[in-house]
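Read through the structure below, which is laid out as structure tokens, and then see the notes.
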Amino acid sequence: MSLENPRTHYTSQIDPEKIGDEKVTVCGWVHEVRDLGGICFVVVRDREGKAQITLVKKKIDKEIFDAARKLVRESVVAVTGSAKPEGKAPNGYEIIPEEIVVLNEAESPLPMDTTGKVDAELDTRLDSRFIDLRREKTTAIFKIRHEVLRAVRNFLSDEGFIETSSPKVVATATEGGTSLFPITYFDREAFLNQSPQLFKQILMSGGLDRVFEIGPIFRAEEHDTRRHLNEATSIDIEASFVDHFDVMEILENMIAYVYEQVIENESASLENLGIELEVPKTPFMKVPYSEAIDIVNAKGEEMIEWGGDLGTVAEHTIGEHVFEETGESHYFITDWPTEIKPFYAMPYENDPLISKSFDMMHRTMELSSGAQRVHLHDMLKERIESQGLNPDGFEFYLRAFKYGMPPHSGWGVGCERLVMTMLGVENIRDTVLFPRDRRRLSP
RNA sequence: GUCCGAAUAGUGUAGAGGCCUAUCAUGGAGCCCUGUCGAGGCUCCGACCCGGGUUCGAAUCCCGGUUCGGGCGCCA
């Protein structure tokens, strides 16, 4: 079973150098109709670009000419005709149609403009995401997001990581700290998972050695900023028999590789967005926490005592400092106070006040956090207790540490933040097709 | 959560108590036009977030609500 007018080409696949008078069918949306009287141009748009359909009144059947003039913008059409090289046409070729089939006519007026002539606010765009995606700049972001994820999978697979999936419905809080969304699971209460953290660690006990997961995470925090989502995509790894320095190296190499791949495979999308991407130079600068607070305190705008967390302003101060010194946007903050990191971060043996933990930062925000983990059962149980959590809720997790858990390390990267910082997108919602924030639950 | 700001045709905007029968662009309807590529020209269509108040008079000032945006917080 097939459609009557199967597509033969994306608009981008018609090469003016190679075609002579080739019969093609393109399928897409009516982007624009420019009726000049004796000649009419119809621009058809598909995922990969646009094609000009040219109808000269004197040379073409009256019926098809009149039908073309009356096409409603954003209607879905299949156009069959001959593709000819034409210097005056936008892509170097134009299609002289034999048949224009309207597969589905669009209503009018449209919820927003698709041509780039009139801006729309993010809220308007998200309400009508189906139309927003017809804008080339929006499509470009999601093509790049795809390339980012493809590159991550390639890179990690080549590094010997196995892709895994952990449950999103869980019985108890996995890490404490952040709030969870409660749900009903048959006759019990359950939660949406905030992170694959505990599960990927259990897999280390299982001997999978190196795993990664790309999946949704849920945070019930009532935050309300340009860089937070309540449903986000996390890129997580966990690796056995390695320390935090090893996984930092994997992380910085992965970031550089992702940038390379995007430049190589999505140059058209980058150009569309007006972005000239530079591959971050590795290794990334490592700033120990104690130096980081010195940088902030030296500026004198705020004073952070040792053990305090870094706020947004402090992060920016450090980011600017690193950027001025290195010209690079990416860096690590290492050796955090054990107290302000999760219970699974391994304290240094010779100085247990600090931990083998790190955050990987872009100068505008945090992108990743990771650590060498506590792999010793008794120490882990103690750390859980010392953070005010009840070890009973972690029995499923702690058991995995009793029967041969190797030393291991890992990290998690926020996919949306990676795309956001790469493209200089101002609002994280622009990097998710259907973002979930405190207010938005639909579409 | 908190502070600041905003809300006008489908979309994006102008507007500082009477000049508003509300600006402009885009869009829609129609006419003219043979190489457009943000086509052009002419005609027409389409809006002041909701509820109170002040005033002779409110899009404009005040109060409350709703929604949106930005900073910070929380958080990754």
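The sequence lines fix the lettering, A, B, ..., with proteins before strands; numbering per chain opens at 1. Note that the structure is predicted; figures quoted are calculated from it, not measured.
As the counterpart of rU43(B), rA29(B) is assigned, both hydrogen-bonding distances of the Watson-Crick or G-U wobble pattern falling under 3.5 Å. Nucleotide rU55(B) has no partner under the Watson-Crick or G-U criteria, as no pair reaches both atom distances under 3.5 Å. Judged by Watson-Crick or G-U wobble contacts below 3.5 Å, the nucleotide rC74(B) has no partner. Under the Watson-Crick and G-U wobble criteria, each requiring two contacts below 3.5 Å, nucleotide rC37(B) is left unpaired. rA6(B) and rU67(B) make up a base pair, with Watson-Crick or G-U wobble contacts both under 3.5 Å. For rC48(B), there is no paired base (Watson-Crick or G-U wobble, both distances below 3.5 Å). Nucleotide rC24(B) forms a pair with rG12(B), judged by Watson-Crick or G-U wobble geometry with both contacts under 3.5 Å.
Side-chain N/O atoms of S179(A) include none lying less than 4.0 angstrom from OP1 or OP2 on rC75(B). A close approach under 4.0 Å does not occur between any side-chain nitrogen or oxygen of R73(A) and OP1 or OP2 of rG27(B). For rG73(B), the OP1/OP2 oxygens have a side-chain nitrogen or oxygen of T312(A) closer than 4.0 Å. Between K117(A) and rG27(B), a side-chain N or O to OP1/OP2 separation shorter than 4.0 Å is present. The shortest distance between the side-chain N/O atoms of N230(A) and the OP1/OP2 oxygens of rC75(B) is not below 4.0 Å.
Counting only heavy atoms from C-beta on, I39(A) has its side chain closest to rU34(B) among rC74(B), rU11(B), rU34(B). Closest approach to the D113(A) side chain among rC37(B), rU26(B), rC72(B) is made by rU26(B) (side chain taken as heavy atoms from C-beta onward). If you check rC72(B), rC74(B), rU36(B) against the side chain of H223(A), the one that comes closest is rC74(B).
Computed from coordinates, the E136(A) CD to rG38(B) P distance equals 12 Å when rounded to whole Å. A straight line from CZ of R69(A) to P of rA39(B) spans 17 Å, rounded to a whole angstrom. One can place CD of E302(A) at 13 Å from C1' of rG73(B), the figure rounded to the nearest angstrom. What separates CG of L36(A) from P of rC32(B) is a distance of 14 Å, to the nearest Å. Here rC74(B) presents its P atom at 17 Å from CD of Q194(A), a figure rounded to the nearest Å. Atom CZ in R34(A) sits about 18 Å away from atom C1' in rC32(B), given to the nearest Å. Atom CZ of R226(A) is separated from atom P of rC4(B) by 20 Å (rounded to the nearest Å). Put simply, CZ on F181(A) is 15 Å from P on rC75(B), counting in whole angstrom units.
rG27(B) and rG51(B): their P atoms are spaced 33 Å apart (whole Å).
Where H228(A) and E32(A) each meet RNA chain B at their nearest nucleotide, the meeting point lying more 5' is that of E32(A). Residue order along RNA chain B, read from the 5' end via each residue's closest nucleotide, puts A120(A) first among V72(A) and A120(A).
Annotation for C40(A) and F65(A): closest pair CB-CE1, 3.8 Å, computed over non-hydrogen atoms.
The backbone N or O of T11(A) lies less than 3.5 Å from no partner atom in the side chain of H9(A), so there is not a single donor-acceptor pair. Formation of a donor-acceptor pair under 3.5 Å by the T338(A) side chain with backbone atoms of P352(A) is found in this model.
For Q52(A) against rU36(B), a side-chain-to-base donor-acceptor contact under 3.5 Å is present. For rG73(B), its base never sits under 3.5 Å from the side chain of E221(A) at any donor and acceptor pair.
A distance below 6.0 Å separates the ring centres of F396(A) and F199(A). The aromatic ring centres of Y348(A) and H244(A) sit less than 6.0 Å apart.
Both tests pass for R7(A) against the ring of Y10(A): distance under 6.0 Å to the centre and angle within 45° of the axis.
Using cut-offs of 30° and 60° for the angle between ring planes, the H330(A) and Y259(A) rings count as perpendicular.
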